[in-house]
Asks: 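Please read through the structure below; I'll follow up with questions.
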Amino acid sequence: MESIAPSFVVSPGELADCVSALRASTPLIQCISNSVVTNFTANVLLAAGASPAMADLPGEAGDFAAIASGTLINLGTPYAEQRAGALEAVTAANAAGTPWVLDPVAVGSLRVRTELAFELRGLNPTAIRGNASEIMVLAESGNGGRGVESTDSVESAASHARSLALLTGAVVAVSGPRDLVTDGTRTVLVHGGSSLLTRVTGGGCALGAICAAFLAVHDDPLVATVAAHAFYSAAAERAELLSNGPGTFAVNFLDALALVGPQELKEKAVLS
């Protein structure tokens with residue numbers, strides 16, 4: 001078994017506090033997300049204890065960002081009207097102090113979403129979450145992966161993630177077999193999870209929404225983002241034990257998100 005040194009950046013008690021705060025406050029999370037994963041993302045938020053709203057219409061997106069607890073901007077299917085809604089929501093979120101997450105899905109070779117991702121990068125995201133290839137593109141050190149799949153490792157993206165965090169002021173999270181979360185000076189690795197998450201549509205995209213929910217309940221974005229990833233990993237591990245494949249895993253994962261509580265996360269999360 002791999003020997004893992006414990007993290008001294010984020011404590012297990014802080015992870016538990018984040019889950020308790022989320023369950024106590026039921027944060028309202030605005031999701032400007034892609035059409036492939038909207039339903040799954042909403043169900044993930046509901047199961048975890050948050051309240052989802054898919055308000056992406058220009059003319060409404062800004063109004064909603066001003067009252068939301070957190071906002072997710074996911075670039076998976078960025079049609080023209082949604083791109084306008086995303087920029088409107090980000091402007092309003094920044095004015096209202098609403099934390100927001102940028103998920104730069106499949107940036108690199110696809111020109112429209114890549115240009116939008118770079119524009120959003122300059123608008124003070126609270127957190128940026130993606131796979132290694134996506135993060136390296138935003139750090140101007142890569143060309144992207146194969147569609148939504150990463151062709152780079154978390155380890156190869158580590159220094160670029162730290163550079164991106166220092167450039168933008170955002171917490172940057174790189175998803176993979178183990179997740180890396182950094183604010184440019186502090187870095188935490190989140191271990192665990194399940195490879196079955198990569199075989200369910202929306203597994204990564206919904207994690208961006210969970211990050212927004214945890215950012216809404218904790219003042220330190222690094223602690224909140226680490227807690228989101230640790231919570232997600234704990235639920236995935238619980239679900240895998242009961243599953244025969246991706247189909248049963250998707251159902252068991254929603255149940256697990258509702259069942260993982262503060263004490264379980266405190267005891268089982270593995271950080272380094």
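Just so we're clear, the structure is a prediction, and the values are computed from it rather than from any experiment.
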Asks: Test your reading of the model: is there a side-chain donor-acceptor pair from S141 to the backbone of M136, 3.5 Å cut-off?
Replies: yes

Asks: Between Y232 and F253, what is the ring plane arrangement, given parallel below 30°, perpendicular above 60°, and tilted in between?
Replies: perpendicular

Asks: Between L197 and S233, is a side-chain contact (heavy atoms from CB on, under 4.5 Å) present by the stated rule, with each step listed?
Replies: CA-CA 9 Å; L197 263 177; S233 292; over 6 Å; no

Asks: Would you check if R238 and L259 make a side-chain contact, meaning some heavy-atom pair closer than 4.5 Å?
Replies: yes

Asks: What salt bridge (Lys or Arg N to Asp or Glu O under 4.0 Å) pairs are there with at least one residue in residues 129-139, not counting sequence neighbours?
Replies: D103-R129

Asks: State, yes or no, whether a side-chain contact exists between V174 and N131 at a heavy-atom distance under 4.5 Å.
Replies: no

Asks: Is N94 reaching over with its side chain to a backbone N or O of L123, donor-acceptor style, under 3.5 angstrom?
Replies: yes

Asks: Measuring only between side-chain heavy atoms, which start at C-beta, is N74 closer than 4.5 Å to I32?
Replies: no

Asks: With a 4.5 Å heavy-atom cut-off, do V107 and F118 have their side chains touching?
Replies: no

Asks: Do any N or O atoms from the side chain of S156 and from the backbone of D152 form a donor-acceptor pair under 3.5 angstrom?
Replies: no

Asks: Are the charged groups of E119 and R83 less than 4.0 angstrom apart, N to O?
Replies: no

Asks: Do L22 and P27 touch side chain to side chain, with heavy atoms closer than 4.5 Å?
Replies: yes

Asks: Please examine the side chains of L180 and V190, heavy atoms only from C-beta on, and report whether any two atoms are closer than 4.5 Å.
Replies: no

Asks: Sequence neighbours left out, cut at 3.5 Å: what donor-acceptor pairs do the side chains of residues 56-67 make with other protein atoms?
Replies:
from, atom 1, to, atom 2, distance (Å)
D56, OD2, Y79, OH, 3.0
D56, OD2, Q82, NE2, 3.2

Asks: If the threshold is 4.0 Å, N to carboxylate O, is there a salt bridge linking E237 and K268?
Replies: no

Asks: Look up atom CG in L15 and atom CD in Q263, then write down how far apart they are to the nearest 0.5 Å.
Replies: 12.0 Å

Asks: Below 4.5 Å, heavy atoms only, C-beta onward: do V181 and L222 meet side chain to side chain?
Replies: yes

Asks: Would you check if P104 and I128 make a side-chain contact, meaning some heavy-atom pair closer than 4.5 Å?
Replies: yes

